[in-house]
> 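Okay, handing you the structure first.
In what follows, every chain begins at residue 1, and chains take the letters A, B, ... in the order their sequences are listed.
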Amino acid sequence: MMKRFTKSRAFWPVCTLLLIILLNLLFTEGFSTVEFRDGRFFSPIIDIVYRATPIILLSIGMTLVIGTGGIDLSVGAVMAIAGALVASALGLWGLPVFLAIPFVILVGFLLGVWNGWLVSAMGVQPIVATLVLMTGGRGIALLVTDAKTLSFESTTLDALANGQLLGIPNRIYLVIVTLALFVFIARRSLLGLWIECTGDNPAAARLAGIPIHRVKILAYGACAALAAVAGLLEAADIKAADVTRCGLYSELDAILAVVIGGTPLIGGRIYVGLSVVGALIIQSLTTTVLMQDVGSETSLLVKGLAVLVVCTLQSPKFRARLKKRKPKPASAGEA
Amino acid sequence: MRLGTLWQRMPALAPTIIAFVLLVAIGGYSFDGFISGPMLTNLLTNQAPLGIIVVGMSFVIISGGIDLSVGALMAMSSMLFAASVERLGLPSYLAIPFVLAIGTLCGALSGKVICSFDLPPFIVTLAAMFLFRGLSLSISREPIVVRDAFIAWTADVSLPLGLFEVEWNGLLLLLFVGLGIFVSRYTRFGRRVYAIGGDEAAARQLGIAVDKTKKRVYAISGFCSAFAGVVSVLYLEAGDPAMSAGFELDAIAAVVVGGAFLAGGVGGFVGTFLGVLVFGVIQELLNFEGTLGSGWVRVAVGVLLLLFLLVQRVSEKSATSAA
């Protein structure tokens, strides 16, 4: 079984994550501490997953979209819109939480449907199609909040997003449930199969009778819905909607997470779990840099280098060159 | 595909020209003195950095690639320029070539990584963006003010052209656009770029040096970004590590509005210049209005982009059905 793991796609991403955690355990003070305060566990490792939750959600959605052969640059803007809407719903319109949350997620889903429609029915390239919402969306969010940072009070939302159950933060449960759900969708459901077919060979998929337009619309819809949830979490975190900063550059982090996880950008086979590993890698790098107290510019440098290194290692051309220098029996198919 | 004369390509540029005229008309109707020399001068001056970057970006997009690192490279160049003058004591006439050389090298490096390892340009230039931004901040987290005689002198350079005076950065922008038009239409390099963008596999089989051309294209983009950085330092008299965040997307939007296809192979520099002008008019409209705020700019740009995409799709469909 060890050999199968070594040859599988999960090998490099999981090893990288374990390596980062190991280095931290060895060299960073206080990394392995686990405290129990105020009814929940505190630990840098739990902290990493806690902070990574928005990126994890985004990367799961982004994996689906990339699987169809597309990309979604608008998730950051959708996060901002979600934040603005929930702040308005709870603060200005006085909606109860159990109505506001589904409303925001629904709006997110519809925004994703818009993206999906542009890409599938109108045939617009995904980068530019989602660029429209990325530029215009943040503008809409600014208009909704009248360009102010809108604060709101909601103990229910606070408890849901920032609270804990049995000592473990709610967010961790959210991540686990979402991950399980989407891994199931990707691996065991018809939709997952259709997504992979659509991305792998759209013409063949269409000829095989797969409704590629609907598949794409669903994928983009799901991606945006997850982005809306991420936006809700961000808003709940600061108890306000900060439209200019909410989700800024998040789309890039999400794309990087998927790439590091090993899902190919051109579409086809998707690896939801590995994208989550990629998101954790990015977050743990960020947290490591923060804990080393080296400054935020270092985290940018580290992210950039990390992506380049990982992609180069994954590139077949690079591996071919490596093999030319070290002759050894060809390893069993890396697709 | 045939490039055709400008007259033959007019129909493709029609939406862009209409958008420009419409926006200017809205401005002229809403504000006194909108349609005036100073407004055009300001437009060219304000859009100069973006416009120069767009020239480089156009080459990349026509070749079928994309460069997301332009904004960050511009910021890094501005910081390098400011730091070498203020901290190393280099005179401007040495610092400027130095910065331009580094920018070109950075672009060439991106191109080399993309070609050698067959990596998607989106990801490589994205990583490069992070790297350059991180390096800019490493030089200094705060803007660096530059005091230099040459810089002070450039602030006064301008050229009277009939009704209005074009300031030096506007002149540089026009120069870059002119060079872009020339290189794309009258050099073999330009033809190769279009060929690669149109069908890379076919270009390779024709014996075109695809990799070499692609690396050069990214080097050009790097040069333009560095130049834009130098221009902004000369204008602001300071280098700012946080500048031009999001420029890359503005540049892509301008190129699309200018009629280029993101897939590559189609596009022209007159078109992208018009795209920059359209952008500029929107900015000027909001400068005149003053109170509308950035929300409306973004919505306006988003809507404009959308309309252009739809028009492009319609014209593509009618072209294929006519063929």
> When rounded to the nearest 0.5 angstrom, what distance separates CG in Leu301(A) from CG in Leu131(B)?
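Nearest 0.5 Å value for the CG-CG distance: 6.0 Å.
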> Side chain, backbone, both or neither: which part of Leu135(B) has a non-hydrogen atom closer than 4.5 Å to chain A?
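Backbone plus side chain of Leu135(B), per the 4.5 Å heavy-atom cut-off to chain A.
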> Where does Leu133(A) contact chain B at under 4.5 Å (heavy atoms): side chain, backbone, both or neither?
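Answer is neither: Leu133(A) stays 4.5 Å or more from chain B.
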> Non-hydrogen atoms of chain A under 4.5 Å away: do they reach the side chain of Ser116(B), the backbone, both or neither?
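Looking at Ser116(B), backbone and side chain both touch chain A.
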> Contact part of Val303(B) toward chain A, heavy-atom cut-off under 4.5 Å: side chain, backbone, both or neither?
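When you check distances to chain A, no heavy atom of Val303(B) falls under 4.5 Å.
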> Just how far is it from atom OG1 of Thr312(A) to atom CG of Asp118(B), taken to the nearest 0.5 Å?
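Rounded to the nearest 0.5 Å, the OG1-CG separation comes out at 12.0 Å.
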> Give the C-alpha distance, both sets of side-chain angles, the deciding distance and a yes or no for side-chain contact (heavy atoms from CB on, under 4.5 Å) between Ile252(B) and Leu131(A).
CA-CA 9 Å; Ile252(B) 295 175; Leu131(A) 186 58; 4.1 Å; yes
> Would you mind reporting whether Leu249(B) and Thr135(A) have side-chain heavy atoms less than 4.5 Å apart?
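The answer is no; the side chains never approach within 4.5 Å.
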> If you round to the nearest 0.5 Å, how far is CZ of Phe117(B) from CG of Leu308(A)?
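The CG atom of Leu308(A) sits 10.0 Å away from the CZ atom of Phe117(B).
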> So for Leu265(A), is it side chain, backbone, both, or neither that comes closer than 4.5 Å to the heavy atoms of chain B?
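Interface part for Leu265(A): side chain.
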> Sort Leu306(B) into side chain, backbone, both or neither according to what part of it lies under 4.5 angstrom from a heavy atom of chain A.
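Both backbone and side chain of Leu306(B) come within 4.5 Å of chain A.
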> Please classify the contact of Phe122(B) with chain A as side chain, backbone, both or neither, using a heavy-atom distance under 4.5 Å.
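The side chain, not the backbone.
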> With a 4.5 angstrom heavy-atom cut-off, is it the side chain or the backbone of Leu73(A) that approaches chain B, or both, or neither?
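Side chain only.
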> Pick from Ile266(A), Ile71(A), Val128(A), Ile127(A): which one has the most heavy-atom pairs with chain B under 4.5 Å?
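That would be Val128(A).
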